[in-house]
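Proteins get letters first, then strands, A, B, ... in listed order; numbering begins at 1 in each.
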Number of protein chains: 2
Amino acid sequence: MVNEREFLADYQPAAYPAVAVTVDIVALTIRDGRLCVLLVERAEHPYAGRRALPGGFVREEALDGAALRELNEETGLTRVHLEQLKTYGDPGRDPRMRVFSVAYLAFAPLLPEPEAGSDASGAAWVPVEQATGLAFDHDTILADGLDRARAKLEYTPLATAFAGDEFTISELRQIYAVVWGEELHAGNFHRKVLSVPGFVESTGQTATRGGERGGPKPKLYRAGDAKLLHPALLRPGREEDVR
Amino acid sequence: MVNEREFLADYQPAAYPAVAVTVDIVALTIRDGRLCVLLVERAEHPYAGRRALPGGFVREEALDGAALRELNEETGLTRVHLEQLKTYGDPGRDPRMRVFSVAYLAFAPLLPEPEAGSDASGAAWVPVEQATGLAFDHDTILADGLDRARAKLEYTPLATAFAGDEFTISELRQIYAVVWGEELHAGNFHRKVLSVPGFVESTGQTATRGGERGGPKPKLYRAGDAKLLHPALLRPGREEDVR
DNA sequence: TAAGTTATGCTCAAGTCGAGTTTTTCTCAT
DNA sequence: ATGAGAAAAACTCGACTTGAGCATAACTTA
C-alpha cells in the first residue's frame with residue numbers, strides 16, 4: 001500500500017492541488033533600547049491593511065537566497081545574520097490556496113535605515129510588544145522567532161550581530177537585557193563575557209567619551225571568532241524550568 | 001517596485017512553475033547498541049534502487065500530521081517524538097520539479113518492529129555510519145538531523161524517548177554514549193541525572209536481575225515531567241569550541 | 001566458590017555563579 | 001569649580017557544579 005501511494009505521488013504530482021511556497025522574515029533589531037521587528041502593511045487581500053511580516057513567493061532560487069532578497073528589498077540590508085526558523089503549512093493558513101511559508105530569522109545591527117524606502121509598502125520597525133494582530137499566522141511565527149532569538153543569545157555570540165563593528169561590554173549587556181527583558185548584573189556579565197573564549201576580542205581602543213550620564217571611557221571590543229559560547233551565558237530566573 | 005512584485009506574486013500564483021512539498025523523516029532508534037536511522041529503498045526514478053529517508057508528498061493535512069502519517073506507514077509507530085528539523089528547497093535537488101522538503105526528526109524507542117512490513121518498500125533500520133550515498137540531498141538532511149539530535153540530548157530529556165517506559169540509569173547512559181559516540185563517567189552521570197529536577201522519577205522498583213555480566217539489580221526509573229534539563233548535561237570534550 | 005562486572009555513593013580539587021563591594025573615571029547640574 | 005550621581009572594571013566570598021577517582025556491595029558467569 002505504501003508503494004502504491006508512493007507510486008502515485010511520484011508520478012502524478014500534477015494531480016495534487018496547486019501549492020505555493022513563500023518565505024517570511026522575522027527581522028529583529030534594537031532601536032531606542034527596545035526590541036523591534038520589521039513589519040509591512042498589506043495593501044491587498046487577504047488581510048488588506050493588516051500588518052504582516054515581510055516576505056514573498058520563492059522564485060527559482062535557494063530558500064536562503066529568497067529570504068535575503070526579500071529582506072534586502074525591504075531594508076536594503078545585505079550583510080545580516082539570517083537563519084531558517086521553521087516552516088508553517090497548516091491548510092487554511094492562507095485563504096487563497098495552500099501556502100507553505102518557510103520562516104527566517106534575521107538579526108540586524110542598529111538601524112541601518114530608520115524606515116524602508118519610506119515610500120509604498122510602509123515597512124517599519126515596530127517594538128515587538130506592539131506587534132500583535134498580524135496577518136495570517138504571523139503572530140505565531142513572530143512568537144516562535146522571539147523564542148529562538150532569546151534562546152540563541154544564550155549559547156551563541158549572536159548578540160554581537162545586533163551591535164556595530166565595535167562595541168562596549170555595556171552595550172552588549174544592554175542587548176541581552178533588551179532581548180531577554182531583564183537586567184543583568186553588570187559585574188558578572190563583564191567577567192563572563194571576557195572569560196568565554198572567542199566571544200569578544202579587544203580592539204585596544206576606548207570610547208571617546210564616557211556614558212551619557214557619567215562613568216569612565218569604556219574599552220571597545222569587536223566580535224570574536226567563536227560560533228558557540230562555552231560555557232553558555234545562561235538566562236537568569238529559569239530556576240523553575242519549563243515543565 | 002516592491003509593490004509591483006508583491007502584487008504580481010499575490011494575484012498570479014499560477015504563473016509560477018509548479019512546486020511540490022514533501023516531508024522527509026530522519027527517524028532514529030538504537031538497536032544493538034548502535035544508532036540507527038530508518039531508510040527505504042527507492043523503487044522508482046529518480047534514484048531508483050538508492051536508499052532514501054522515508055517521506056512523501058504532503059496532502060490536505062498539517063505538516064506535522066503528514067510526517068506522522070508517513071512514519072506510521074513505514075513503521076506502524078504512532079507515539080513517537082516528532083519535531084520539525086529544517087526545510088530544504090534548493091532548485092535542482094529533485095530532477096523532476098521544484099520540490100521543497102520539510103524534514104522531520106523522530107526518536108523511536110527501542111525497535112517497535114525489527115523491519116517494516118517486511119514486504120515491499122524494504123524499510124530498514126541502518127546504522128548511521130553505514131547510511132551514506134542516499135538519494136537526493138538526504139545525506140545532508142541526515143547529517144543535520146544527527147547534529148540536532150546530539151545537541152538536543154544536552155538540554156532536553158529527549159534521551160528518554162529512546163528508552164522504554166521504564167529504564168535504568170545505565171540504559172539511559174548507554175543511549176547518551178551511543179548517540180554521542182563516547183563513553184560517559186558512570187558515577188558522574190548517575191549523580192547528574194538524579195540531580196536535574198524532572199529528568200527522571202523513580203518507580204520504586206528494581207530490575208528483576210542484574211546486568212548481563214554481573215552487578216546488583218539496578219533501580220528503575222521513568223521519564224520525568226521536565227521539558228528542559230537545567231542545568232544541562234554537557235557533552236564532554238567540547239573544550240576547544242566550534243570556531 | 002572465585003573472578004569479573006556493575007550500580008550507587010563518596011571525596012576532593014578546580015571551576016563557575018550570583019550577589020555584593022570597591023575604586024576610579026566620567027558627565028551633568030549647580 | 002565642584003559635588004552628586006553613574007558607570008566601567010576589578011575583586012571577594014560563599015554556594016554550587018564538575019570531572020576524576022575511589023569504595024562498597026550486589027550480582028553474574030565460569
Closer than 3.5 angstrom, by distance alone: can the side chain of Arg34(B) be matched with the main-chain N or O of Val178(B) as a donor-acceptor pair?
no

Is the backbone N or O of Lys219(A) less than 3.5 Å from a side-chain atom of Thr168(A), with the two atoms forming a donor-acceptor pair by type?
no

Find which nucleotide of DNA chain D each of Leu194(A) and Leu233(B) is nearest to by heavy atoms, and output the residue with the more 5' nucleotide.
Leu194(A)

side-chain contact (heavy atoms from CB on, under 4.5 Å) with Leu134(B): of Val37(B), Asp139(B), Ile141(B), only one passes, and it is Asp139(B)

By the 4.0 Å heavy-atom rule, please label Arg191(A) as base, sugar-phosphate, or nothing.
base

What is the first contacted nucleotide of DNA chain C and what is the last, in 5' to 3' order, if contact means an atom lying under 4.0 angstrom from a heavy atom of chain A?
dC17(C) to dC28(C)

CG on Asp24(B) to CG on Leu142(B), rounded to 0.5 Å
11.5 Å

Using C1' atoms of five pairs at each end, report the bend of the helix from dT1(C)-dA30(D) to dT30(C)-dA1(D) rounded to 10 degrees.
20°

Please report the interatomic distance NE2(His138(B)) to CG(Leu53(B)), rounded to the nearest 0.5 Å.
5.0 Å

Which atom pairs, donor and acceptor, lie under 3.5 Å between side-chain atoms of residues 192-203 of chain A and protein residues at least two apart or in another chain?
unit_1	atom_1	unit_2	atom_2	d
Lys192(A)	NZ	Ala232(A)	O	2.9
Ser195(A)	OG	Arg191(A)	O	3.4
Ser195(A)	OG	Lys192(A)	O	3.0
Glu201(A)	OE2	Arg222(A)	NH1	3.0
Ser202(A)	OG	Gly204(A)	N	3.0
Thr203(A)	OG1	Gln205(A)	N	3.1
Thr203(A)	OG1	Leu220(A)	O	3.0

Flag the pair Tyr176(B) / Phe189(B) as yes when their ring centroid distance falls below 6.0 Å, and as no otherwise.
yes

Go nucleotide by nucleotide along DNA chain C from the 5' end; which of Arg213(B) and Gly214(A) gets its closest nucleotide reached first?
Arg213(B)

Walking DNA chain C from its 5' end, the first of Lys192(A) and Gly215(A) to be reached, judged by nearest nucleotide, is Lys192(A)

Where along residues 160-171 of chain A does a heavy atom fall under 4.0 Å from DNA chain C?
none

How long is the span from the CD atom in Glu154(B) to the CG atom in Leu228(B), to the nearest 0.5 Å?
13.0 Å

Is the closest side-chain heavy-atom distance between Phe167(B) and Ile175(B) below 4.5 Å?
no

Output the distance between atom CG (Asp137(A)) and atom CZ (Arg93(A)), rounded to the nearest 0.5 Å.
4.0 Å

Charged N to carboxylate O under 4.0 angstrom, Arg235(B) versus Glu182(B)?
no

To the nearest 0.5 Å, what is the distance between CD on Glu74(A) and CG on Leu38(A)?
6.5 Å

Which nucleotide span of DNA chain D, 5' end to 3' end, has atoms closer than 4.0 Å to non-hydrogen atoms of chain B?
dT18(D) to dT29(D)

Assess whether atom CD of Glu212(B) is packed by more than 12 heavy atoms of other residues, nucleotides or ligands within 6.0 Å.
no

Value rounded to 0.5 Å, distance of OH in Tyr221(A) from CD in Glu166(A):
12.0 Å

His230(A) vs Leu234(B) side-chain heavy atoms within contact, under 4.5 Å:
yes

Ordered by number, residues from residues 181-189 of chain B within less than 4.0 Å of DNA chain D (heavy atoms) are His185(B), Asn188(B)

